Structures are given as structure tokens and as C-alpha cells.
Amino acid sequence: MRSTALFAENIRIALQSIRSNILRSILTVLIIAIGITALVGILTAIESIKTSITKEFTILGANTFSITSRGMRVQIGNQRYRTKNYSYISYYEAKEFKRQFNFPATASISVNSTGTATLKYGSEKTNPNITVRGIDLDYLFTSGYEVEQGRSFSEDDINSGRNMALIGSELAKKLFKGGENPLQKVISIGNGKYKVIGVLREKGSGFGGSSDLACFIPYSNSRSYFSRPNMNFDIQIKVNQPELIDAAIGQAESVFRNVRNLSPLDESDFNVEKSDNIVNLLLKNIKNITMVATIIGFITLLGAAVGLMNIMLVSVTERTREIGVRKAIGAKNKTVKQQFLIEAIVIGQIGGLLGIVLGILAGNLVSVMIGSSFIIPWGWILMGVALCFGVGIISGYYPAQKASQLDPIESLRYE
């Protein structure tokens with residue numbers, strides 16, 4: 001009971017000392033706060049980026065994969081990730097795969113009609129950078145698109161190759177000003193005229209592109225109006241249950257090898273890519289950034305610890321006479337040591353709390369800029385509190401030890 005009262009008294013004296021030396025205390029708190037702000041701010045920003053990347057690249061879901069002939073090329077920093085290119089996938093091969101693939105999953109086929117289209121409606125037109133894609137009935141489902149206005153393509157639209165189009169929400173705003181209803185309006189795609197039968201629900205944009213600038217037409221129409229030698233089709237598969245993804249990939253590869261007339265000894269001449277391949281590459285590299293940011297934060301905190309220790313040593317020197325008075329009236333070495341140690345810990349925790357708040361706000365500025373959600377990194381917050389406690393102990397121990405060892409007679413004589 002007595003020790004508890006003594007501990008409470010030391011806390012009271014420590015807080016009183018902090019208030020009586022307010023300028024020095026504020027400077028010390030700011031040193032700690034800057035270190036924690038740097039650590040928590042950087043790591044919160046990285047968490048925001050990771051959340052955004054995951055959202056952008058896994059919007060298809062963890063149960064989606066594709067079969068393509070063109071390899072994936074991704075460059076992150078100085079590292080380049082590349083898979084091999086193969087012979088094109090023909091329309092007949094894609095159709096045959098879809099016919100043979102017997103699995104609890106949905107397969108769709110599509111083809112890139114053009115990536116440099118200019119879309120026009122009346123006097124309004126887009127830049128010549130719109131991607132037009134020919135799709136089948138199942139493509140919207142496997143790609144995570146939904147129709148917000150109007151309807152999707154019907155089987156008759158696909159089979160007949162009608163001049164009909166589905167457009168993204170951003171594309172609709174560019175072409176139809178003043179809230180004009182896009183449905184049943186005729187737009188120009190290159191030299192062709194297409195009736196808009198549906199507007200897609202907004203998906204958002206990120207990493208240099210926008211899903212809402214999409215324009216889809218029936219793939220049969222694409223074969224007629226955007227015909228070229230060796231048109232390369234893509235196959236996309238969405239599995240009904242995510243846990244069956246590996247089994248679905250195995251069967252899909254087996255079926256398409258059969259479609260391509262490959263012998264058991266032949267290497268597969270196509271690529272099977274899961275929807276989360278790119279996000280896994282990016283997150284792997286972000287781990288390195290997180291490690292570097294953590295090291296920078298620790299270095300900043302080390303500087304803060306040195307600054308706190310220096311200020312505590314100055315405090316011990318300035319309060320030598322006070323220490324002598326306390327010892328003269330019966331304070332033990334342990335009590336004096338505890339007082340200065342508590343003072344360092346309290347200053348560290350105040351600086352830590354301020355740094356955590358500033359770090360969260362600074363880190364979430366990145367969230368606002370990239371359109372991600374507000375992040376509260378509870379793990380890093382707890383780590384920040386623990387680090388500040390450690391900084392207080394490390395920085396305060398030597399000054400507290402020095403204060404406890406002062407001779408009371410010499411301390412009373414100190415001017």
C-alpha cells in the first residue's frame with residue numbers, strides 16, 4: 001500500500017516538474033512526436049497503398065483466372081517480371097474450349113477490338129485512346145461488371161453481331177452532357193454506328209487506367225468490323241467456389257492442351273494467369289518498402305531517444321539542489337531514480353500519443369489522394385506506444401541513475 005502511494009506521489013511530482021518546465025517539456029514531446037509521426041505516418045500510408053492495390057487488382061475476385069497467349073509483363077523498380085508469348089488463340093479454339101470445359105465455373109471469351117478508338121456523339125467526342133472489346137454473354141460476370149442502366153447483350157445480339165454497345169459510366173458522362181440519357185442513342189465508334197443499350201455501374205480507376213472508360217460490343221460484331229489476321233481471343237474463367245480455383249486451373253489447362261492438339265510431352269503453349277498474380281508481385285515488393293520505412297522510423301526514434309536523454313541530463317543538472325533537499329528529508333536513491341524515470345516515461349507517452357495522431361492523419365492523406373478507405377493501423381499504434389515506453393526507459397534510465405547517486409551534501413551546496 002505504501003509503495004503504491006509512493007509511486008502515485010512520484011507520478012504527481014513528475015507531472016508537476018513537466019508543467020514547471022513547460023518549454024523544455026514541449027520540445028522533448030515534439031522530438032518524440034516527430035519520430036513516431038514518421039514511423040506511423042509512413043507505415044499507415046503503406047497500408048493504405050496495399051489496401052488500394054488489393055482492391056484494384058482483386059476486383060475480379062480470388063476465384064478468377066484467364067487463359068491468354070500474350071505473356072504478362074510487369075516492371076517494378078529495376079525488376080522485370082515477364083512470361084512468354086505464344087501463338088494467338090483463335091476464335092474457334094476459344095469456342096471449343098468453352099464447349100469442352102466441364103467444371104462448376106463460368107467461362108467467357110473476348111477479343112480486343114482496338115485500343116485507340118475515338119467515340120463520338122453529336123459534337124462530343126473522346127480522346128483516341130478508348131479500348132473497345134468484343135465480348136460474349138458471360139464476360140460481364142467473369143470481369144466483375146454490372147449493368148446500372150438498360151440491359152446487357154442477349155444471345156440473339158451476340159449471334160447476329162448487332163451494332164450495339166455497352167459503355168462505362170465515365171464514358172457516358174463524357175459523351176452525354178447535362179444528364180442526357182444515353183440509352184438507345186447512336187454513337188460512332190470509328191466509322192461504325194452503334195446503339196447504346198446499357199451503361200455499366202461505376203468500378204473506379206487506379207494505376208493509370210479507368211474501368212469506367214470501357215466500351216463493349218458483341219464479339220461477333222468485332223470479328224466483322226474490326227477484322228484482322230490472327231485475331232487473338234482471351235478466355236476468362238470464374239470459379240463458383242474460391243477453394244476450387246487450383247482444381248479448375250488444372251482442368252482448364254488440360255482441356256485447352258487438348259484443344260491445341262498438344263501431346264503429353266509438349267510444353268503448354270499458352271499462359272494461365274490468376275487474377276491476383278500482379279497484386280502478389282506488388283505486395284511482395286511493398287514488403288521491402290515497409291522494411292526500409294521501419295528502419296527509417298527506428299533511426300528517427302533513436303535520434304529522439306538521444307535528444308530525450310540529453311534533455312533529462314540537463315534537467316538532473318538544473319535540479320541538483322532539489323534532489324539534495326529530497327534526499328535530506330529522507331528520500332531514498334530508489335525513490336529519486338523512480339521519479340526521474342517516470343518523468344521520462346510520461347514525456348515519452350505524451351509525445352507518442354501526439355505522434356500517433358499526427359502519423360495517422362499524415363498517412364491517411366495518401367488514402368485520400370489514391371481514393372482508398374481511412375486506415376487505422378491498430379498494430380502500429382500499439383507498437384508506437386510500446387516503442388515510446390521503451391524510449392522513455394532507455395533515455396531516462398541513465399539520467400535517473402545519475403540523479404539517484406548524487407551526494408545529498410554536495411547537492412545542497414550546488415548553485
Side-chain angles (χ1 to χ4, degrees), residues 52 55-61 64 66 108-154 157-158 160-228 231-234 236 238 275 278 369-372:
S52 180
K55 179 183 175 183
E56 293 292 339
F57 284 98
T58 61
I59 198 163
L60 298 179
T64 305
S66 58
S108 69
I109 61 177
S110 63
V111 62
N112 184 32
S113 304
T114 177
T116 57
T118 298
L119 274 62
K120 299 178 185 177
Y121 175 72
S123 61
E124 302 294 337
K125 67 177 182 178
T126 67
N127 293 327
N129 60 352
I130 303 300
T131 297
V132 179
R133 193 162 194 86
I135 65 171
D136 68 359
L137 287 174
D138 299 308
Y139 181 81
L140 294 185
F141 174 71
T142 61
S143 298
Y145 282 98
E146 294 179 16
V147 176
E148 186 172 45
Q149 293 179 261
R151 65 175 179 86
S152 182
F153 298 128
S154 67
D157 295 332
I158 300 292
S160 304
R162 291 174 178 167
N163 286 31
M164 293 182 170
L166 300 172
I167 59 175
S169 57
E170 189 175 342
L171 195 53
K173 291 174 186 175
K174 284 181 178 291
L175 293 176
F176 300 93
K177 303 293 185 181
E180 184 178 358
N181 189 353
L183 298 182
Q184 303 305 311
K185 301 295 192 304
V186 176
I187 62 173
S188 299
I189 304 177
N191 296 323
K193 302 292 184 181
Y194 289 80
K195 182 185 289 185
V196 177
I197 63 168
V199 178
L200 303 173
R201 191 180 301 278
E202 183 177 347
K203 285 181 73 174
S205 60
F207 301 96
S210 174
S211 301
D212 301 320
L213 284 173
C215 178
F216 298 130
I217 62 176
Y219 71 80
S220 48
N221 181 279
S222 185
R223 292 181 67 213
S224 300
Y225 287 88
F226 295 91
S227 179
R228 59 186 180 273
M231 287 188 77
N232 188 33
F233 282 74
D234 295 327
Q236 195 159 275
K238 189 169 188 176
S275 61
I278 296 177
M369 288 188 287
I370 63 176
S372 184

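Excluded from the calculations below are hydrogen atoms, water molecules and symmetry mates; all remaining heavy atoms, backbone and side chain alike, are included. Bear in mind that the values here come from a model prediction, so they are computed numbers and not experimental data. Positions are given from 1 along the sequence.
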side-chain hydrogen bond (donor to acceptor under 3.5 Å, both in side chains) with S152: which residues, sequence neighbours excluded? none
Are any non-hydrogen side-chain atoms of L166 and L140 less than 4.5 angstrom apart? yes
Nearest 0.5 Å, please: how far is CZ in F141 from OG1 in T64? 8.0 Å
The reported gap from CE in M164 to CD1 in I158 (rounded to nearest 0.5 angstrom) is 10.5 Å
By side-chain hydrogen bond (donor to acceptor under 3.5 Å, both in side chains), which residues pair with S224, not counting sequence neighbours? none
For D138, all residues meeting salt bridge (Lys or Arg N to Asp or Glu O under 4.0 Å), sequence neighbours excluded: K98
For A165 and C215, which heavy atoms make the closest approach, and how far apart are they? CB-SG, 4.4 Å
Excluding sequence neighbours, so at least two apart, what forms salt bridge (Lys or Arg N to Asp or Glu O under 4.0 Å) with E148? R201
Would you please name every residue forming a ring-ring contact (aromatic ring centres under 6.0 Å, His included) with Y225, sequence neighbours left out? none
How would you list, by chain and number, every residue that makes a ring-ring contact (aromatic ring centres under 6.0 Å, His included) with Y219, sequence neighbours excluded? Y91
Check whether any side-chain heavy atom of L183 sits under 4.5 Å from a side-chain heavy atom of Q149, and report yes or no. yes
Can you pull out every side-chain hydrogen bond (donor to acceptor under 3.5 Å, both in side chains) where at least one residue sits in residues 124-133? Sequence neighbours excluded, please. S110-R133, R133-D234
Using side-chain heavy atoms (C-beta onward) and a distance below 4.5 Å, is D212 in contact with K173? no
Taking only residues two or more places apart in sequence or in another chain, which ones pass ring-ring contact (aromatic ring centres under 6.0 Å, His included) with F176? Y121
Does I197 reach the side chain of R162, with side-chain heavy atoms less than 4.5 Å apart? no
Here the salt bridge (Lys or Arg N to Asp or Glu O under 4.0 Å) pairs for residues 182-193, sequence neighbours left out, are none
Partner residues of S160 under the side-chain hydrogen bond (donor to acceptor under 3.5 Å, both in side chains) criterion, sequence neighbours left out: D156
Contacts of N163 meeting side-chain hydrogen bond (donor to acceptor under 3.5 Å, both in side chains) (sequence neighbours excluded), chain-then-number -> N221
Please report the closest heavy-atom contact between F226 and R228, naming both atoms and the distance. O-NH1, 3.3 Å
Would you please indicate if the ring centroids of F216 and F153 are separated by under 6.0 Å? no
Mind listing the closest non-hydrogen atom pair of P182 and A172 along with its distance? CG-CB, 4.1 Å
Between T142 and Y139 the two heavy atoms that sit nearest each other are OG1-O, 3.1 Å
Which heavy-atom pair separates D157 from S220 by the least distance, and what is that distance? O-OG, 4.3 Å
Gap separating the CD1 atom of I109 from the CG atom of D136, nearest 0.5 angstrom: 5.0 Å
With rounding to the nearest 0.5 angstrom, report the CD1 to NZ distance, I167 to K174. 12.0 Å
Within this structure, what is the CG-CD1 distance for the pair L119 and I189, rounded to the nearest 0.5 Å? 4.5 Å
